[in-house]
Amino acid sequence: MALNNPYMQYKKTQIETADQGKLIMMLYDGAIKFVNKALELMPDKRHNIEEIHKNIIKAQDIVVELMSSLNMEIEFSQKLFSIYMYVNKRLMDANMKKTEEPLIEVKKYLLELRDAWEKAAKQVDSKDMDPSKTHGGVNIAT
């Protein structure tokens, strides 16, 4: 059924053709989206308890995916892993207690991490585009 949906086909193509930095930012975007949705539903949590739960679980799934994508041979990855563990714990707290405070904290962390990845990706892209950093080849710019 999803194959007949043009939006789903577009999203599938977007994911399959994205570089690693873009995929990581997409994961952050998804986690932030699910945290936001859970936060939106919190004011009427008695009627939305199942939807809040589902959205928090989806955010947790993404955080686990981010954890599993780390190269643990790199020291920085070990630090990121610790942050992701903390974020995952706060998501569990939010889900068990159905309170907003842990979600607000998680959202702050996710936004900061996403911004850092975006800046890093732009730096890598600008180095890739810098003709002085290339080795060989022909520069066709006039």
Side-chain angles (χ1 to χ4, degrees), residues 1-137 139-141:
M1 183 172 176
L3 296 175
N4 294 332
N5 182 331
Y7 175 74
M8 293 305 292
Q9 288 176 338
Y10 169 76
K11 290 302 286 181
K12 183 176 186 268
T13 301
Q14 188 179 26
I15 290 168
E16 289 174 351
T17 60
D19 63 29
Q20 188 174 11
K22 179 71 174 165
L23 284 173
I24 290 170
M25 287 190 295
M26 290 169 71
L27 287 170
Y28 282 120
D29 288 341
I32 293 163
K33 177 183 87 171
F34 293 124
V35 168
N36 281 335
K37 185 66 175 166
L39 281 167
E40 288 173 19
L41 295 167
M42 278 291 181
D44 191 17
K45 61 183 150 197
R46 286 190 312 144
H47 294 100
N48 296 319
I49 198 161
E50 189 174 331
E51 281 301 308
I52 292 168
H53 171 77
K54 286 179 185 177
N55 282 285
I56 293 173
I57 292 297
K58 288 177 182 180
Q60 281 183 276
D61 289 345
I62 291 172
V63 171
V64 169
E65 182 65 30
L66 287 164
M67 291 166 72
S68 69
S69 71
L70 294 172
N71 177 353
M72 296 308 286
E73 294 176 13
I74 300 170
E75 184 180 339
F76 182 72
S77 291
Q78 295 166 13
K79 293 176 184 177
L80 263 178
F81 186 84
S82 295
I83 294 169
Y84 292 151
M85 287 291 293
Y86 178 75
V87 165
N88 199 37
K89 180 191 177 311
R90 295 301 284 158
L91 285 168
M92 285 189 278
D93 292 344
N95 207 2
M96 289 187 324
K97 298 174 186 171
K98 298 299 186 269
T99 56
E100 292 181 26
E101 186 270 323
L103 291 174
I104 292 167
E105 181 182 6
V106 163
K107 181 179 171 180
K108 182 181 135 246
Y109 277 113
L110 292 173
L111 286 168
E112 288 176 10
L113 289 166
R114 192 216 180 273
D115 288 347
W117 272 104
E118 185 175 36
K119 288 176 185 169
K122 285 180 181 176
Q123 286 179 348
V124 168
D125 287 346
S126 69
K127 285 181 182 175
D128 289 344
M129 300 299 283
D130 185 351
S132 68
K133 303 285 187 216
T134 61
H135 302 286
N139 184 354
I140 59 171

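It should be emphasised that the depicted structure is a prediction, and the values quoted were computed from it without experimental measurement. We count residues from 1, following the sequence as given. These values consider heavy atoms only, across backbone and side chains, with no hydrogens, waters or symmetry-generated copies.
With sequence neighbours left out, E51 forms a salt bridge (charged side-chain N to carboxylate O under 4.0 Å, His left out) with K54. Partners of I24 by side chain to side chain contact (heavy atoms under 4.5 Å, CB included), not counting sequence neighbours, listed by chain and number: Q20, Y28, L66, W117. In this structure D115 satisfies the salt bridge (charged side-chain N to carboxylate O under 4.0 Å, His left out) test with no other residue, sequence neighbours excluded. Under the side chain to side chain contact (heavy atoms under 4.5 Å, CB included) criterion, I104 pairs with L39, E100, not counting sequence neighbours. Shown here are the ring pair (Phe, Tyr, Trp, His ring centres under 6.0 Å) partners of F81, two or more places apart in sequence or in another chain: there are none. F34 is linked by a ring pair (Phe, Tyr, Trp, His ring centres under 6.0 Å) to nothing, counting only residues two or more places apart in sequence or in another chain. Not counting sequence neighbours, the partners of E105 by the side-chain hydrogen bond (donor to acceptor under 3.5 Å, both in side chains) test are Y86, R90. For E112, there are no salt bridge (charged side-chain N to carboxylate O under 4.0 Å, His left out) partners two or more places apart in sequence or in a different chain. With sequence neighbours excluded, no residue forms a side chain to side chain contact (heavy atoms under 4.5 Å, CB included) with S69. Applying the side-chain hydrogen bond (donor to acceptor under 3.5 Å, both in side chains) rule to K107 yields the partners N36; only residues at least two apart in sequence or on another chain are considered. Residues passing the salt bridge (charged side-chain N to carboxylate O under 4.0 Å, His left out) test with K33, sequence neighbours excluded: none. N48 pairs by the side-chain hydrogen bond (donor to acceptor under 3.5 Å, both in side chains) definition with nothing, not counting sequence neighbours.
Residues A38 and I52 share a closest heavy-atom pair of O-CG1, 4.1 Å. When every heavy atom of A31 is checked against every heavy atom of A59, the shortest pair comes out as O-CB, 4.0 Å.
Between S68 and E65 the shortest side-chain heavy-atom distance falls below 4.5 Å. Residues K119 and Q123 have side chains not in contact (no heavy-atom distance under 4.5 Å, counting atoms from C-beta outward).
The CD atom of Q78 lies 12.5 Å from the CD1 atom of I83; values are rounded to the nearest 0.5 Å. Atoms NE2 and NZ, on H53 and K45 in that order, are 16.0 Å from each other to the nearest 0.5 Å. Taking NZ of K58 as the start and CD1 of I62 as the end, the distance is 9.0 Å to the nearest 0.5 Å. With rounding to the nearest 0.5 Å, the separation of CG in L110 from CG in D29 is 10.0 Å. For the atom pair CD (E75) and NZ (K79), the distance works out to 4.5 Å, reported to the nearest 0.5 Å. For the atom pair OH of Y109 and CG of L113, the computed distance is 9.0 Å after rounding to the nearest 0.5 Å.
Checking side-chain atoms of K98 against main-chain N and O of N95 turns up a donor-acceptor pair under 3.5 Å.
Within a 6.0 Å sphere centred on CE of M92, heavy atoms belonging to other residues, nucleotides or ligands number more than 12.
Only one option out of N55, L91, V106 pairs with Q60 in a side-chain contact (heavy atoms from CB on, under 4.5 Å); it is L91.
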